[in-house]
Every structure is written in C-alpha cells, then in structure tokens.
Amino acid sequence: MSVCRVLVLISGNGSNLQAIMDQALPKAPYQVVGVISNKADAYGLVRARAAGIASHYVMVNPEESRADYDLRLSEAIEQLQPDLIVLAGFMRILSDELVKAYQGRMINIHPSLLPKFTGLHTHQRAIEAGEQEHGASVHFVTPTLDAGPVILQAKVPVFDDDTVELLAERVHEQEHAILPLVVKWFAEGRLKMLDGKAWLDNQPLGAAGYAAD
Ligand SMILES: Nc1nc2c(c(=O)[nH]1)N[C@@H](CN(C=O)c1ccc(C(=O)N[C@@H](CCC(=O)O)C(=O)O)cc1)CN2
Ligand SMILES: NCC(=O)N[C@@H]1O[C@H](COP(=O)([O-])[O-])[C@@H](O)[C@H]1O
C-alpha cells in the first residue's frame, strides 16, 4: 500500500491538524505533505513548521474575486500533489471549480451534527436552540456548503449551563478522534465517494455516516 499524501488547509489554531499529524506514519499509511492557510497568523502554520512540514500562506486580496483567490490556492495545492485534501478549520467557502477538481478526495470537519447547523457559529446556535446533544461531522466536500455526504459523526451532550467555550472544547475532543480515523480509512483505500454517497468497505453509509455497532 503506497503512502497517502495528505494536504491540510487551516485558518486558525490547528488542533485538528495536530491530531492528524499525530496519527500519521507509522500509525497509519499517510503522511502530511503540506499545510496551507489563508491567515498568516494561523498557529497551525507554527505546528507544521515545528514538524518540518511544508507550510504555505496564501494571502487573501480583498480586491480579488473568490474564483481568482481559488486559482492561486489551486496552484499552491497542485505543487504538493495531494491524494487527499482535509479542510480542518479552513474558513473560506471554496468555488465550485476547485471543489469539483478534488471532489471525492476532499473532506471537511464541521462542528455540528449535520445537517443541523451548517455554516458558522454552530455552538452558539445549538445552545440558543436548546439542543440536548451536539457534535461534529466529517463529510466529503461538495460545492454546496456543508451539504456533502457525511462519513462519520460524534455526539456530545449539551448541558443547561454550557457556554460556547465549554461546548466547543467538548466537541473538539471528539473531532480529534474522528478526523484522523477518517483520514486513515481514506489512506487505506476503504473510503470512497460514489453516486453522491460516502462508501466504507464497499457499503454505502447512511445520512449520519458510519454508525458503529
Ligand atoms: N464549497 C465548499 N466550501 C467549503 C465547505 C463546503 O462544504 N463546500 N466547507 C467549509 C467549512 N465550513 C464549515 O465547516 C465553513 C467555512 C467558512 C464559512 C464561511 O461562511 N466563510 C466566509 C468567511 C468567514 C470568515 O472569514 O470568518 C466566506 O468564505 O465568505 C462557512 C462554513 C469550507 N469551505
Ligand atoms: N465551518 C468550519 C468550522 O467552523 N470548522 C471548525 O473550526 C475548528 C478549527 O479548530 P482547529 O483549528 O483547532 O482545528 C474546528 O472546531 C472545526 O470543526
């Protein structure tokens, strides 16, 4: 089995990037070959450099269109020749063209139990909605925001006195478990996107992704 080349896109702290890095070769048949951020001060870039991983900052020019930014982003991506692209807190909506170029080999970690709470500020919205449970979802990326086939979810309880910070920390813990596992499944050739569905070991996954027995 060849080693899967994983590229991680970030915009911030990079704790999910760190979790992916920590579970790479020899634990799983993948290596992180690069990290790209749209934010120069993303701590995830520091994490990458500390690990000797190629790190790139692709600056956002407020004057340019989303498509033009994504063209520059694509050039940086292509240089790294990834087998899998992981959006790990990458806070930009990608253009249809870029997503279609990598569809089936681009995944995202989203901080909610999709299809609930797509978009931003999910923890605040879950608390305000009085949700009893919340969580995180790993899904294939499609042009429609946070609507791609779900691969794996993790649930956490929401407590009456929860703050956004407490809930975010509880969700983060689960994210750090499920995202590296999905990367491992992909690197092992077990995970595919076909006919708009996620498939694991040649079995289609349900709307909520893989459900352990
Ligand atoms: N075409 C797609 N692009 C992205 C997807 C996707 O499923 N399809 N997932 C997101 C990740 N994400 C939530 O998981 C997300 C990221 C960013 C935004 C957003 O509204 N971004 C704004 C800027 C916000 C900011 O700068 O703070 C924007 O791009 O205009 C929503 C959801 C990654 N991309
Ligand atoms: N809509 C995208 C989004 O909000 N993604 C969220 O950003 C955080 C990044 O944390 P990290 O930088 O510590 O990995 C994660 O909680 C991830 O689910």
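Bear in mind the structure is a predicted one, so any value in this text is a computation, not a measurement. Indexing begins at 1, ligand by ligand and atom by atom, following the structure's order.
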Next item on the list: With salt bridge (Lys or Arg N to Asp or Glu O under 4.0 Å) as the test, would you mind laying out the steps for D201 and R190 before giving the verdict?
Entry: CA-CA 5 Å; D201 297 336; R190 297 175 56 190; 2.8 Å; yes
Item checked: Test ring pair (Phe, Tyr, Trp, His ring centres under 6.0 Å) applied to H134 - qualifying residues, sequence neighbours left out ->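 If we apply the ring pair (Phe, Tyr, Trp, His ring centres under 6.0 Å) test to H134, skipping adjacent residues, the hits are H123.
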Note to self: Does the structure place the NZ or CZ of R92 under 6.0 Å from the centre of the six-membered ring of Y69, at an angle of no more than 45° from the ring's axis?
What the structure shows: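 Relative to the ring axis of Y69, which defines the angle, R92 lies inside both limits.
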Margin query: So does P82 get a backbone contact from the side chain of R105, meaning a donor-acceptor N/O pair under 3.5 Å?
Written below: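 Yes.
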Notebook entry, point to check: Just checking, any donor-acceptor pair under 3.5 angstrom between side chains of Q79 and E75?
Noted result: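 Absent: no donor and acceptor within the cut-off.
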Checklist line | From H172 atom NE2 to I109 atom CD1, the distance as rounded to the nearest 0.5 Å | finding: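 These two atoms lie 10.0 Å from each other.
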Check: How long is the gap from CD1 on I36 to CZ on F90, to the nearest 0.5 Å?
Finding: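 Between atom CD1 of I36 and atom CZ of F90 there are 8.0 Å.
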Next item on the list: Can you tell me which residue pairs pass the side chain to side chain donor-acceptor pair (under 3.5 Å) test with a partner in residues 7-22, sequence neighbours excluded?
Entry: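 Applying side chain to side chain donor-acceptor pair (under 3.5 Å) to every pair that reaches into residues 7-22, excluding sequence neighbours, yields S11-N38, N13-R47, S15-H176, N16-E175, Q18-D22, Q18-R47.
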Margin query: Taking E131 first and then R125, would you say they form a salt bridge - that is, a charged N and a carboxylate O separated by under 4.0 Å?
Written below: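 Salt bridge: no.
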Could you go through ligand 1 and list every pair where one of its N or O atoms sits under 3.5 Å from a protein N or O, giving the atom names and the distance to one decimal?
residue, atom, partner, partner atom, Å
ligand 1, 1 (N), L94, O, 3.0
ligand 1, 1 (N), T142, O, 3.4
ligand 1, 1 (N), P143, O, 3.2
ligand 1, 3 (N), L94, N, 3.0
ligand 1, 7 (O), D146, N, 2.8
ligand 1, 8 (N), T142, O, 2.9
ligand 1, 9 (N), D146, OD1, 3.4
ligand 1, 14 (O), N108, ND2, 2.9
ligand 1, 14 (O), H110, ND1, 2.8
ligand 1, 14 (O), D146, OD1, 3.2
ligand 1, 21 (N), M91, O, 3.4
ligand 1, 29 (O), R66, NH1, 3.1
ligand 1, 29 (O), I93, N, 2.9
ligand 1, 30 (O), R66, NH2, 3.0
ligand 1, 34 (N), R92, O, 2.8

Distances under 3.5 Å, N/O of ligand 2 against N/O of the protein: list each pair and its distance.
residue, atom, partner, partner atom, Å
ligand 2, 12 (O), G14, N, 2.8
ligand 2, 13 (O), S15, N, 2.9
ligand 2, 13 (O), S15, OG, 2.5
ligand 2, 14 (O), S15, N, 3.4
ligand 2, 14 (O), N16, N, 2.9
ligand 2, 14 (O), N16, ND2, 3.0
ligand 2, 16 (O), E175, OE1, 2.9
ligand 2, 16 (O), E175, OE2, 3.1
ligand 2, 18 (O), E175, OE2, 2.5

